[in-house]
4 protein chains.
Amino acid sequence: MVRRLTSRGLKRRDQLINYAASRFAENGFHPTSVTEIVNGLGVGKGVFYWYFDSKEEIFIEILRGAQRDLRRYQQKAIENESDPVARIEFGIRASIIWLANHPDFFTLLQFAATDEKFSRLIRAGEEIAVQDVAQHIREGISQGRIDEGDPLFLGHAILGVTNQLTRVLLFEKKRDPSVVADAVVRFALGGLRGFSGVIAAGAMGGK
Amino acid sequence: MVRRLTSRGLKRRDQLINYAASRFAENGFHPTSVTEIVNGLGVGKGVFYWYFDSKEEIFIEILRGAQRDLRRYQQKAIENESDPVARIEFGIRASIIWLANHPDFFTLLQFAATDEKFSRLIRAGEEIAVQDVAQHIREGISQGRIDEGDPLFLGHAILGVTNQLTRVLLFEKKRDPSVVADAVVRFALGGLRGFSGVIAAGAMGGK
Amino acid sequence: MVRRLTSRGLKRRDQLINYAASRFAENGFHPTSVTEIVNGLGVGKGVFYWYFDSKEEIFIEILRGAQRDLRRYQQKAIENESDPVARIEFGIRASIIWLANHPDFFTLLQFAATDEKFSRLIRAGEEIAVQDVAQHIREGISQGRIDEGDPLFLGHAILGVTNQLTRVLLFEKKRDPSVVADAVVRFALGGLRGFSGVIAAGAMGGK
Amino acid sequence: MVRRLTSRGLKRRDQLINYAASRFAENGFHPTSVTEIVNGLGVGKGVFYWYFDSKEEIFIEILRGAQRDLRRYQQKAIENESDPVARIEFGIRASIIWLANHPDFFTLLQFAATDEKFSRLIRAGEEIAVQDVAQHIREGISQGRIDEGDPLFLGHAILGVTNQLTRVLLFEKKRDPSVVADAVVRFALGGLRGFSGVIAAGAMGGK
DNA sequence: TATGAATGAGTATTCATTCAT
DNA sequence: GATGAATGAATACTCATTCAT
């Protein structure tokens, strides 16, 4: 939808995005109806469709906004650091802090990754984040600080640890963000250094 | 629902579970209708509600079955191994192989974790798996093979790496299961060993 | 929609078709809502969609049924007559009688011809009727009873006269069907015989 | 709505009428939204409601304008002809030429005739046109050039032939307007002369 | 005159679930 | 055990119209 918005319109749009995000996070995307959103805001149904073409569209806008914001936060956390391993660490810590400050978005991103309609977007965002990390990993490898290994694999591994520990420790067990971050960093940097003595590679066979 | 089923009835129930699982995996839980399931099987709607109280119930049955099956597979892979680190490795490898053989269930479990209605079940299953691993981790720590650290944290970290790399490398990038397993094991065992030189713990602060 | 219907189901379907036809005829297709139809029948909304995929579909069924019925009626009126001009006359009279007995369908067919979604169907039905007449016209021409002329043009001309006089005389001015039929037949057969002295063919030019 | 319009305002009004007419003709009246009209013109919604009270009103304006214009065109074609049969012929030819030059209006008039909201207007317009023709028919009868018969019936018959052949031959089969006009004139004048030997008047009976 | 914003009843359609047979 | 039929609340979305500026 292309619409020239006045400042009043921009405010409305933001209001819709924020409220919808909170409802989606609490109830889930499918179970949250447009009616629920507009009623919660005390506006008519047409308002919603004045700003968005569909329920899908507003969700995508929410996701994009979250991805953009998270990425900016990560980059800002890194910008003055030249050591690649430190950049990785700072990136992890920034992510966790951002997620702690935007718990709704965490839920939303997790769900979106499982829904065919949005997963492409999430994948793309993840890929960008992983590319960022991969670059630092490559530098770390060339400096001999990180063991050889596919930087993209390693980047995804870090992402996996970060997400899982954030969900469990931060959101479920309500640990302090810095505690969570310490745990993630410890595991992730250890993982990057790798483990020479793989015991039984391929030893178990398939089905 | 508790119903005494004939062997024919058991077969029907299985048929429903399997077909529903494939539909849910392909379309998502919410977008898949009961009508779609019974039509796809060429039976009437009564059949569905003879065996299950609701669409939620069949989904829960699917999830439970998947969790049970995966756990059995993991345990079988471990039963003759006494070395704790090897048990961890074998557990990881077994998980990846099982997931490779049940791609539908992977999708389903991922989604279920994000839906309030099912997440409790998923969390419980995860917790059990993590407890298993934690036990090995404890042994490993006491043998001095793994660095000090909260075994539950570490268990979740392993789970996070496994899930993420399975999704990305196995399902998206179609890598061979053994390649994926090698990557996961390498990172996980490295992560367990930890990283003594955390550079900036807590240095960045919150918002 | 392909559905095996019980006799109860067939009855419901008929009921829906008949009631919907009357509503469409009275209010028009667009202004008549599915809700109005099911409420008028005192059934749930699902009933409608059990038998028809859409509002369009039921309308098409109505049109098809009307076309089929009208055609049968025309053919029955003609079957024992061998004289081609008499066949034309009998066909016209039969059409008018049928329309007099199915005033709703007349309205429906007229509307359908103007709506892109249904006009193809109406055109096809008209074409069939016109082909029938054209055959008799050809015979009439070869017997020297009808002047030379494109039989399809003439068939459409007859259709036009029939429709217009039926609408105006029969439905608006409430004339007796036989009076209407006499008027149509008189004009149509005169028109078939043609007019040798066209006064100013092409004399007026285009725009 | 009565509004004193500046010349700029009159232009806007015309623009709206013309564009709306083209949309209505292409999509149908009901399916065309006011939004579609104003967006297509790149103006705000207020503009529409400044000039017209409702969507119905603009449609009625369109119809009235078309009727007025057609009637003027017919009258101009006839004004210098005194022979009644020739006046009929010229009227028919003029109508077909006008319709050929205003294909949108043809569609619109056809639809309007089927919609309760507008049919009164269309009927009135038709009645005027038919009265015009009826006058010539009466003259023709008194001159012994046209057989006895109700002039209004005959007038409607001519209208029916004209409309049907225009639709089929001109718009669907893309015949040249003069060819269409020849066919209509031939049939209409033949029809006016009538057919003495009605074979089976009333012989078939009603239901 | 004109705009962007807002209204809210209305639309077609879906779907989990129940019922009668 | 199983079927076709029925329910009716709910859903996403539309649209003629009005309002504030």
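- Nucleic acid contact for A:V34: sugar-phosphate only, since backbone atoms but no base atoms lie under 4.0 Å from a heavy atom of the residue.
- Residues C:K55 and D:G42 both approach DNA chain E. Their nearest nucleotides, taken by heavy-atom distance, put D:G42 toward the 5′ side.
- In this structure, the CZ atom of B:F48 is 12 Å from the P atom of E:dT18, given to the nearest Å.
- For the pair A:R13 and E:dG4, the criterion of a side-chain N or O lying under 4.0 Å from OP1 or OP2 is not met.
- Contact annotation: A:T35 side-chain N/O to F:dT11 OP1/OP2 distance is not under 4.0 Å.
- The interatomic distance linking D:L16 (CG) with E:dA2 (P) rounds to 9 Å, in whole Å.
- The same atom, C1', is picked in E:dT1 and in F:dT21; the two are 13 Å apart, to the nearest Å.
- Applying the 4.0 Å criterion to OP1 and OP2 of F:dT14, one finds that A:Y49 has every side-chain N and O outside that range.
- When each of A:S33 and B:G44 is assigned the nucleotide of DNA chain F bearing its nearest heavy atom, the one mapping closer to the 5' terminus is B:G44.
- Heavy atoms only, all atoms of each residue included: A:P31 and A:E36 are closest at O-OE1, 4.0 Å.
- Applying the 4.0 Å criterion to OP1 and OP2 of E:dG8, one finds that A:K45 has every side-chain N and O outside that range.
- Heavy atoms of C:Y51 sit under 4.0 angstrom from primed sugar atoms or phosphate atoms, though from no base atom.
- Going from atom NE2 of A:H30 over to atom C1' of E:dT14 covers 14 Å, rounded to whole Å.
- For the pair C:I58 CD1 and E:dA12 P, the computed distance is 12 Å after rounding to whole Å.
- At a threshold of 4.0 angstrom between heavy atoms, the contacts of C:G9 are confined to the sugar-phosphate backbone, with no base atom among them.
- Here the C1' atom of nucleotide E:dG8 and the CG atom of A:N39 are 11 Å apart, to the nearest Å.
- Of the listed residues (D:Y19, D:F29, D:F118, D:F105), just one forms a ring pair (Phe, Tyr, Trp, His ring centres under 6.0 Å) with D:F24, and that residue is D:F29.
- Across all strands, C:T32 comes closer than 4.0 Å only to sugar-phosphate atoms, never to a base (heavy-atom distances).
- For the pair A:D53 and C:L10, nearest-nucleotide mapping onto DNA chain F gives the more 5' position to C:L10.
- Note on B:R12: a side-chain N or O is less than 4.0 Å away from OP1 or OP2 of F:dA2.
- Relative ring orientation between C:F111 and C:H30 is described as perpendicular, the plane-to-plane angle rising above 60° on a 0-90° scale split at 30° and 60°.
- Among all heavy-atom pairs drawn from B:L63 and B:A112, the shortest one is CD1-CB, 3.6 Å.
- Taking each heavy atom of C:Q67 and C:G125 in turn, the nearest pair found is NE2-CA, 3.5 Å.
- Distance, A:E57 CD to F:dA12 C1': 14 Å, rounded to whole Å.
- Across the strands present, F:dT11 finds its partner in E:dA12; the criterion is a Watson-Crick or G-U wobble pair with both atom distances under 3.5 angstrom.
- Side-chain polar atoms of C:Q15 and C:R12 form a donor-acceptor pair below 3.5 angstrom.
- In this structure, the CG atom of B:L41 is 15 Å from the C1' atom of F:dG1, given to the nearest Å.
- Nearest heavy atoms, B:E116 versus A:E26: OE1-O, 4.1 Å.
- The residue among A:L5 and B:P31 whose nearest nucleotide of DNA chain E lies closer to the 5′ end is A:L5.
- In this structure, C:K117 atom NZ and E:dA12 atom P are separated by 12 Å, rounded to whole Å.
- Between C:R8 and the phosphate of F:dA6, there is a side-chain N or O to OP1/OP2 separation shorter than 4.0 Å.
- In this model, the phosphate group of F:dA5 is approached by a side-chain N or O of C:W50 to a distance below 4.0 Å at OP1 or OP2.
- OP1 or OP2 of F:dA5 sits under 4.0 Å from a side-chain N or O of C:T6.
- Remark: E:dA20 base-pairs with F:dT3. Criterion, Watson-Crick or G-U wobble with two distances under 3.5 Å.
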